[in-house]
Structure formats: structure tokens, C-alpha cells
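Below, read A as the first sequence line, B as the second, and so on, with proteins coming before strands; counting in each chain starts at 1.
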Amino acid sequence: MDRALALDGDRVRAVAWHPEHGRSGQVEEFSIAALPARLAEEPADTRWVWADAAELYPRLLRAGTRVSQAVDLRLTHQILRRARAASRSPMATAADSAWDAPPLPLDDPGAGETLFETAPAGSLDLAEIIAEHERQQHTLATLPDPHRGKLRLLCHAESIGGLIAQELNHAGVPFSAAHHDRQLRELLGDPGPWGGRPSRMEALCQQVRAALNSPQLNPDSPVELIRALRRAGLQVTSTRQWELEQLDHPAIAPLLEYKKLARLHSANGWTWLDTWVRDGRFRSDWVAGGVVTGRWASRGGGALQLPRQIRSAVRAEPGWSLVVADAAQLEPRVLAAMAADEAMAQACRGADLYQGLVDAGVIETRQQAKIAVLAAMYGSTSGEAGALLPRLARAYPRAMGVVESAARAGERGEQVTTWLGRTSPVPGQWWQDAQAGAQQPDSGREEERRARQAGRDWGRFTRNFVVQGTAAEWALCWLGDLRRRLSTIRDDEGAAPELVYFLHDEVMVHSPAGCADEVAEAVRAAARRAGELLFGRFPIEFALGVAVVDSYEKAK
DNA sequence: GCAGAGGGCGCC
DNA sequence: AAAAGGCGCCCTCTGC
């Protein structure tokens, strides 16, 4: 049984909704404060339906209440809306005019194509929630097989992801501010007295100024820096690390060191620590489905870019462990499975796919295998990568066929879909303009070049979209199934493990030390389940690295 | 004084 | 030497 919830000020309205009979029962109304108790009365298999997990779930979590499942209408809408619009998507074959009915209440009038391009819409009332849910369920129910099953799985997993994002926000990553502070002082020196440069950075800055004979130089300004370097006789076109590394000059070593520290200072220095770390937890705002490909995003704190340099400050609490797991070479494995490429799947058997390619005699060295595989998924064609691609194409024509045809579709401006049915956006106006420009009677070589370039660029995007997006689907299923398994694990004292971090193909669980091994096994079991959910009996292995550690730095 | 663009770099 | 997908965030600089 579904039960829809709507928030209206500090009141909650709820009504039961049966998937086959439509709405049923009386509308109840109660205060927001009574919601946790009301949820606790409901059978555990109730599927809640709400506009958006971010609206209600944080309050429930603060009140100590968790829900096992809840349809997130916003996330589901996002998937279905774009799928419906795509000409070659599974949705296109569904005879469903209901989905064409615009504008849906979740849409902000005048907004761009995706809901995420706009500020969060206001909350929906109960009638709107029921109507939206009915439309979504109807759309899903009328799809032909196998799209129905796949898209249902995707929407379900996405909604669970919406819950998990809020649960991660609530939990936070265990983080030792004292340890981080010690590390900052070691690397950067003492913090500047009035927000100035820390002492080691200041010393390096002076060295650079002296070596370049530019006493006023601000090394944070690329314009000033290029000017000063040129004055010193160095022909530079940018201040990028790789370009500076090529130069032979006494200013370069301290400059590179300075830039490294400046990055640490601005991105994860004391200001960051004060802003994002509180009570021993680093808290960001996770955004499930925040990226077009289905990957997650984060708002604030740079949760998805936590530098390796500072990961030693991520520490389990005393008596607890971190169970850190990452999926090895997830994207090429996903590609092998979605292409049903048995030869490539054979090379995936083992912890190291790249070595698998070497052992299969496809490519000579592991390094070359890595370059070739990344090139296949990202669409690079030049240099060493380009030269290696024909080897892959000969050995694994099915897998290469999948990414090649996705690229060709993108070059034509068409949309592509992931394995479960997430659809890529249409190229923007700039792309249409470039194509139209080359069609004009007076268009010249420059216009044609631009159109071809835009086509190739979009082809690289769609090529990567199918792989990155399907990998995100695998990871979402992995995460969702792991969450279910964790809910039954406790140590001898009744303490429960909790998910605290998710990074595309990597998860972290903060677990009582006494059940950490059980958690590690759950992580492995969830990965196997994710593979089955997506690819059924197709024999593809998703190798995991799993570590039980006290600090994140020891995980890899 | 603020918004947005671009450079640069961290993560996958 | 630069290349090849997806991001977020900080800094500087520009333009209003």
C-alpha cells in the first residue's frame, strides 16, 4: 500500500493510495511533530510517497525515525520526463498521452529542461502529489517489456538514493578536526595572524618573488604570474602545473610548492574546517541524481573532491571501524555487461581488468590497456590511445560497438539511454546553431569545421553518458541493497553500522568494530546483487576492494 | 558591490 | 605536449 504525504506549513496531510484502485481511505491531518509517531504505527512495508525526500526526511531523521522506502516524486519525475521526451527511448513506444500533459506541478514555469537547474519548487499539496504519483505509476505500468522492469528498477533505486542522501547528510563523515589541524600546521605552517598567508606559504611566496625579481608579485594571480615569468625569460602561456614543470628556473620549485599548498589552504584549510566540520563530523549536502548521468552531486564542502592528502583525518570513533569499499574499474565492466560482450567479460574475471586484457593477449602492457580502455569510454582518438583502439575493437567488437554507436547518435544530435533507461539531454542551442550555421548557403569552411567539432564533442558526451550513467545505476543498486542489509546488522551491544560516504564507485560504512567483518560481507553481497539486478545471469564480475580500517588513508 | 566567466585543480 | 567524459570550489578579473 502506498501512502502519500504532503507538508502544509507545520501540518501534514496523508492518504492511502492503492496502485490498482486509486485513492482510498480518509485524508488524515496531523501536526508535523506527530509524524514520527504516525510513521511508526504504519506497517513496515508501506511505501511512502512524497514530493521530495529533502523536504520531510531530515526532520524525521532528527526525530530518530527512518523509513525503508519512499517514492521521491521529484527524482522520478526527472527520469520519466526526459525519457518520455526522447525519440529513441523506451518511453517513446509507450502509448501514453498523460505524460504529455504540461505543465506538471513539479515544474517551475519558465524553468530550463531539468528541475535541478532551478531552485527547489515549493511543496505540493496532497491532491497534486496523488495526481503526480498516479501519472508516474500509469506511465511505468504501460511501458512495454523489458523497459518497464528496467525503468521501474531505476525509479525505485533513485528514490532510495534520495533517502540515502538525506541519511548521509544526517550522519556525516567521522572527521578529526584536531588531526586535520595538526596536518595543516605541518604543511602550511602557522596560520596567518589576520587571515594572511600561513607562514610556510608566505616564506615560499617570498622565495618566488626573489627568484623572479618581482617583490610585489601575487602568485595567486595568473595574469601577474605569467607577466613575471615572462620577464624572467620564461615563455609560458599558462600557469598550469604541467607547463610550469617543464621549466628550468630557480623560481619554479618554490612556485609549484606554493601552488600545492595554496590549493590545500583555500579548498580544505581552516576556513573549510570551521565551516564544514562540527562535532567530529564532516557534513556536506548530498544531491542524489544531481548530475545528468545520474551520478550524485554535493553542495558545499566539496564532499566529492576530498583530497587524498587529507583523508587521514577521516577516522573511525574509538571502538568503531571504517569499512571502505570501491568497485575496481567499474565502467569498463559495466560496458562489457551492457554489450553482452562475453570475451570482455572473460577479461573482467579477476581483480584487475587491465591485467586481464594483457593476459588475454589483447594488449602488451597494463599501462597501455588502461589508456586504451579509457580512450574507448571517453572518446579520445589521438596519440597512443588512438593507436591502441583498433586492438580493442578487434578483441571486443560488441563492447566497442556500444560506445561507438552512442557516439554516432550524439554526433547526429540524438539522445541515448543508459541500461536502465536514463536518457541523455538534447544538445543545447549552441549545438543547434552550429549545425544550422553549416547549412546556410553562404557558409564556409569555418562554419563546417565548427559544426563538425560540435558534433564530435557531443558524440564524446553521449559515448561517455551510456557508460558513466549505467555505472551510476549499478552503484545506486549496490548502495540501496547495502542499506537494506545494514539495517539488520547490530553488534553485541545493539550498536548499528551506518553509511557515511558515497563516491561514485566507493562506499564507506562507519561500523562498530565488532560487526565490521559482517558489514564487509554485506558490502560484497550487495555488489553481487547489484550485478544480478542489472544484468541478470550475464556472467560479469564486479571486483571490489574492501578494507576495514581506522582511517580512510589506509583504505587504498 | 555583486554576478558571472575563466583559470586552475581536486575527485571519480 | 595535449589529449579525453562527469563534476565542485576557490581565486582573480571584468563588466555593470
Q: Look at the side-chain N and O atoms of N268(A) and state whether any lies under 4.0 Å from the OP1 or OP2 oxygen of dG10(B).
A: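 It does not, given that no N or O in the side chain of N268(A) lies less than 4.0 Å from OP1 or OP2 of dG10(B).
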Q: dC12(B) phosphate, OP1 or OP2: any side-chain N/O from R308(A) under 4.0 angstrom?
A: yes
Q: Using only modelled atom types and a 3.5 angstrom limit, is any donor from either the side chain of R240(A) or the base of dC9(B) paired with an acceptor on the other?
A: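 Answer is no: no donor-acceptor pair is held.
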Q: Over 60° means perpendicular and under 30° means parallel, so tell me whether W419(A) and F535(A) are parallel, tilted or perpendicular.
A: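 W419(A) vs F535(A) ring planes: tilted.
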Q: Report the residue (G301(A) or A385(A)) whose heavy-atom-nearest nucleotide on DNA chain C is the more 5′ of the two.
A: A385(A)
Q: For DNA chain C, what residues of residues 154-174 of chain A have any heavy atom nearer than 4.0 Å?
A: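 Those residues: none at all.
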Q: When the nearest nucleotide of DNA chain C is assigned to H504(A) and to T237(A) on a heavy-atom basis, which residue is associated with the more 5' position?
A: T237(A)
Q: Check whether E448(A) reaches the backbone of A438(A) with its side chain - one donor and one acceptor, N or O, closer than 3.5 Å.
A: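 Flag not set: sc E448(A) to bb A438(A) has no pair under 3.5 Å.
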Q: From dA4(C), dG7(B), dC11(B), pick the nucleotide closest to the side chain of S380(A)?
A: dA4(C)
Q: Can you find a side chain N or O atom of Q246(A) that sits less than 4.0 Å from OP1 or OP2 on dA1(C)?
A: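 Q246(A) to dA1(C) OP1/OP2: side-chain N or O found under 4.0 Å.
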Q: Counting only heavy atoms and a strict 4.0 angstrom limit, can you tell me which residues of residues 450-464 of chain A come near DNA chain C?
A: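 Nucleic-acid contacts, sorted: R460(A), F461(A), N464(A).
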Q: More than 12 non-hydrogen atoms from neighbouring residues, nucleotides or ligands closer than 6.0 Å to CG on N213(A), yes or no?
A: no
Q: Nearest to the side chain of Q305(A) - dC7(C), dA3(C), dG10(B)?
A: dG10(B)
Q: Which nucleotide wins on minimum distance to the side chain of T239(A), given the candidates dG6(C), dA4(C), dG8(B)?
A: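 Per side-chain heavy atoms of T239(A), the pick is dG8(B).
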Q: Between dC12(B), dG7(B), dC10(C), which nucleotide has the shortest distance from any of its atoms to the side chain of S266(A)?
A: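 Selected nucleotide (nearest to the side chain): dC10(C).
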Q: Using side chain to side chain donor-acceptor pair (under 3.5 Å) as the criterion, point out the one residue from Q183(A), H180(A), R182(A) that pairs with S312(A).
A: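 When Q183(A), H180(A), R182(A) are each tested with S312(A), the side chain to side chain donor-acceptor pair (under 3.5 Å) holds only for Q183(A).
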Q: Around atom CZ of R278(A), are there more than 12 heavy atoms from other residues, nucleotides or ligands closer than 6.0 Å?
A: no
Q: If you measure from the P atom in dA4(C) to the same atom in dC12(B), how many Å do you get, rounded?
A: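 Straight-line distance between the two P atoms is 22 Å.
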Q: State which of dC11(B), dT12(C), dA3(C) makes the closest approach to the side chain of P222(A).
A: dT12(C)
Q: Compare the minimum distances between each of dC9(B), dC7(C), dC12(B) and the side chain of V291(A), then state the nucleotide with the smallest one.
A: dC7(C)
Q: Using a cut-off of less than 4.0 Å, is there contact between a side-chain N or O of T293(A) and OP1 or OP2 of dC7(C)?
A: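 So the side-chain polar atoms of T293(A) never come under 4.0 Å of the phosphate oxygens OP1 or OP2 of dC7(C).
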Q: So which nucleotide from dA4(C), dC12(B), dC11(C) ends up closest to the side chain of T381(A)?
A: dA4(C)
Q: What nucleic acid atoms does E243(A) come within less than 4.0 Å of, heavy atoms only: base, sugar-phosphate, or nothing?
A: nothing
Q: When all nucleic acid strands are considered with a 4.0 Å heavy-atom cut-off, which category describes G379(A): base, sugar-phosphate, or nothing?
A: nothing
Q: If you look at every strand shown and take non-hydrogen atoms under 4.0 Å, does G300(A) touch a base, only sugar-phosphate, or nothing?
A: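 Sugar-phosphate, no base atom in range.
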Q: Looking at R408(A) and E411(A), is any side-chain nitrogen of the basic one under 4.0 Å from a carboxylate oxygen of the acidic one?
A: yes
Q: Using salt bridge (Lys or Arg N to Asp or Glu O under 4.0 Å) as the criterion, point out the one residue from R295(A), R422(A), R74(A) that pairs with E158(A).
A: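 With E158(A) as partner, R295(A), R422(A), R74(A) yield a single salt bridge (Lys or Arg N to Asp or Glu O under 4.0 Å), made by R422(A).
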Q: Do the side chain of R263(A) and the base of dC9(B) come within less than 3.5 angstrom through a donor-acceptor pair of N or O atoms?
A: yes
Q: Kindly point out which of dA4(C), dG8(C), dG8(B) is positioned nearest to the side chain of S238(A)?
A: dG8(B)
Q: For Y378(A) and dG5(C), do the ring centres fall under 5.5 Å apart while the planes stay under 30° apart?
A: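 Ring-base stacking flag set for Y378(A) and dG5(C).
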Q: Rounded to whole angstroms, how far apart are CZ on F502(A) and C1' on dC12(B)?
A: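 Distance check: F502(A) CZ to dC12(B) C1' gives 11 Å.
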Q: Just N and O in the side chain of K259(A): are any of them under 4.0 Å from OP1 or OP2 of dG8(B)?
A: no
Q: Show your reasoning for whether salt bridge (Lys or Arg N to Asp or Glu O under 4.0 Å) applies to R197(A) and D220(A).
A: CA-CA 11 Å; R197(A) 292 191 180 91; D220(A) 297 324; 3.8 Å; yes
